[in-house]
Amino acid sequence: MRRVLAAAIAALTVSTAGAVAAGAPGHAAARSGWGRPAAAPAAPTPGSPGIGDSYFPDYGNGGYDVDHYDVRLRYEPATDQLSGTTTILARATQDLSRFNLDFVLGVQSVKVDNYPATFAREGAHELVITAPRPIVSGQSLTIVVQYAGVPSQTRVDGWTGWTKTADGALAVNEPESAWWWYPSNDHPSDKATWDVSVSVPTGVEVVSNGVQPRPPLAEPGNRTRWGWRSATPGATYLAFLAIGQYDIVTDTAPNGQPVVNAYSTTLGALGPAARASIGRTAEIVDWESGIFGPYPFEAQGGVAAPANSISFALETQTRSVYGPGFWRRGSNTYVVVHENAHQWFGDSVSVADWSQIWLNEGFASYAEWLWSEEQGEGTAQEWFDFTYASYPADAEFWQVPPGDPGANNVFDGAVYDRGAMALHQLRLAVGDAAFFRILPAWTAAHRHGNGTIEQFQALAEQVSGKDLDALFTTWLFTKGRPELTQAASAARSAAPTAPVKPKSWAKIREAHDLLAH
């Protein structure tokens, strides 16, 4: 018997014993309802094919929670052929007649608790699994999926989240990338830990999240198996793979954690700028820890993706991945600041719903403004003033409310820039002392969990003692250029009549042009 079922039977046994001891059987039956036909147990029902996200309703699945993914793969760089077995440790949250996983590669077999299960495809990315035995709420599940395919040729609505490179591949994207390399419950509200193991031809490197529990192992046939482990829970889209020719550089961070930076050997002239930027990751994380609270993960680092690969950067957990475009004009620490701020805002504290994306991008963008202050390249106030003046009142920019931008505008520039402006207005409204208490309080309260804008507002009001409803409504949820409050106007009046362009403007704009994709 499973724990929940056993507890229910134990409670019923205690109740029965008490009723019999209380008096005559007839009286006990009359009082307790004994002798009446027992109600038939509710029939198991299918787990929902979506977790209920307001923007992406078919992402994720209902009926279970995942604890751990063990992803064991074999990859052929020459053909982009991927095969593997993923073992999922989960717990049922209802009596299930069937359940779904998000996955698009060809499935060869599925087992649930060691028994073969039937499976079928539904929709664009739903793998529907029917177990051979009943699944009861609270039951631990071991789900084993064997599969194979060519991810770069496996498309959903004409698109793939897997990038084939000249020497390997990248599994990096947002809000979905897991579909192309491991079956999952693909939504940030169901976090889990990972073990990732990949066999490749010897001489090819594999980089993923977390730490290496052991050195790469030689396998027969001139192959090598790489292993990575993430012991802190993460959202499915934050797991990644970088396979190819990489120079892997290891070090120890000021806080004692391992640092793993990987640089594609295809970068050529871009390589030094990538190293001059990503190589400062541990320094930047140490600085951010003084503002946002203790770093929430077990390792640090970054990956410089190959030439002619991705055009963006992503805050993949413990080790962000950067496209080559960020180094075309030399080093750029601002994108490193942005992606590592996400380790707190987006990775450790993840959105509960994709409509809440401001909690990721607004905060990471404001971190760049704070780094600009730190580097003496323009204050956050100068950044606010110049950004505000850069967009006329009738600009389309002001028509995207960052607190609810819409599914088609999740990565719109307004989510980043107006999102950072909203945080600066919060800073002006509550004062520096309260503002810099709010940030670490937020990351501590929701560490390794999920959060909402409403919860952040409530915490900000609790810390500051101020009613912030008008501020949040105006800057996050109202279309149009906001009129400046008295505090904001006073801050602007302290500056010259014409806003000063911050020295960091070009570097941050360059980064955002690629980030807002």
Side-chain angles (χ1 to χ4, degrees), residues 1-12 36-71 84-149 156 176 178-193 233 235-237 352-354 450:
M1 291 182 296
R2 301 293 178 183
R3 182 172 64 238
V4 172
L5 183 58
I9 292 175
L12 178 59
R36 299 174 187 166
T45 55
S48 63
I51 215 161
D53 191 90
S54 63
Y55 282 5
F56 308 112
D58 61 345
Y59 285 22
N61 306 283
Y64 64 95
D65 286 322
V66 176
D67 295 321
H68 183 73
Y69 296 98
D70 184 273
V71 184
T85 300
T86 290
T87 301
I88 301 170
L89 305 181
R91 179 180 55 82
T93 58
Q94 68 179 70
D95 294 346
L96 286 169
S97 60
R98 67 182 195 184
F99 62 92
N100 289 20
L101 294 170
D102 298 296
F103 195 54
V104 297
L105 291 188
V107 174
Q108 298 163 332
S109 69
V110 178
K111 290 183 179 179
V112 178
D113 292 341
N114 300 301
Y115 284 77
T118 59
F119 56 93
R121 293 284 186 190
E122 286 187 4
H125 56 88
E126 300 290 341
L127 179 65
V128 183
I129 298 170
T130 303
R133 300 187 295 176
I135 297 174
V136 299
S137 181
Q139 175 179 335
S140 296
L141 300 171
T142 300
I143 306 156
V144 181
V145 183
Q146 290 185 308
Y147 50 92
V156 176
E176 67 287 294
W179 303 353
W180 287 269
W181 64 287
Y182 72 103
S184 66
N185 192 18
D186 192 27
H187 192 271
S189 60
D190 191 3
K191 293 188 172 187
T193 54
T236 43
Y237 80 97
D353 187 277
W354 281 106
N450 302 84

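Values below: all heavy atoms of this structure, side chains included; hydrogens, waters and symmetry mates excluded.
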Item to check | Evaluation steps, side chain to side chain contact (heavy atoms under 4.5 Å, CB included), between N114 and T142 | outcome: CA-CA 8 Å; N114 300 301; T142 300; 5.9 Å; no
Taking all non-hydrogen atoms of both residues into account, name the closest pair between [X] and [Y] and its distance.
X: E126; Y: D102; result: OE2-OD1, 3.5 Å
X: K191; Y: P233; result: CB-CB, 3.9 Å
X: A178; Y: T236; result: CB-O, 4.3 Å
X: A235; Y: P188; result: CB-CA, 3.7 Å
X: V107; Y: R121; result: CG2-NH2, 3.8 Å
X: V136; Y: A92; result: O-CB, 3.5 Å

Name all residues meeting the side-chain contact (heavy atoms from CB on, under 4.5 Å) criterion together with [X]; count only those two or more places apart in sequence or in a different chain, and write none if there are none.
X: P57; result: none
X: L105; result: L82, F103, Y147, P151, T154
X: A117; result: V110, V112, I129, P132
X: D353; result: D53, S54, S355, Q356

Flag the pair [X] / [Y] as yes when at least one side-chain heavy-atom distance between them is below 4.5 Å, and no otherwise.
X: R98; Y: T118; result: no
X: D95; Y: T45; result: no
X: W180; Y: V156; result: yes

Once rounded to the nearest 0.5 Å, what's the spacing between atom [atom1] of [X] and atom [atom2] of [Y]?
X: D113; Y: I143; atom1: CG; atom2: CD1; result: 8.0 Å
X: W354; Y: E176; atom1: CH2; atom2: CD; result: 8.5 Å
X: I88; Y: D70; atom1: CD1; atom2: CG; result: 10.5 Å
X: L89; Y: L141; atom1: CG; atom2: CG; result: 9.5 Å
X: Y59; Y: N185; atom1: OH; atom2: CG; result: 13.5 Å
X: F56; Y: I51; atom1: CZ; atom2: CD1; result: 14.0 Å

Next on the checklist: Tell me every residue that passes salt bridge (Lys or Arg N to Asp or Glu O under 4.0 Å) with D65, counting only those two or more places apart in sequence or in another chain.
Outcome noted: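 In terms of salt bridge (Lys or Arg N to Asp or Glu O under 4.0 Å), with neighbours along the sequence ignored, D65 is linked to R91.
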Only counting residues at least two apart or in another chain, list the ones meeting side chain to side chain donor-acceptor pair (under 3.5 Å) with [X].
X: Q108; value: none
X: W179; value: D186
X: S109; value: Q146
X: Y64; value: N61

Item to check | ring-ring contact (aromatic ring centres under 6.0 Å, His included) against Y55, all qualifying residues, sequence neighbours excluded | outcome: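 For Y55, no residue satisfies ring-ring contact (aromatic ring centres under 6.0 Å, His included) once neighbours in sequence are set aside.
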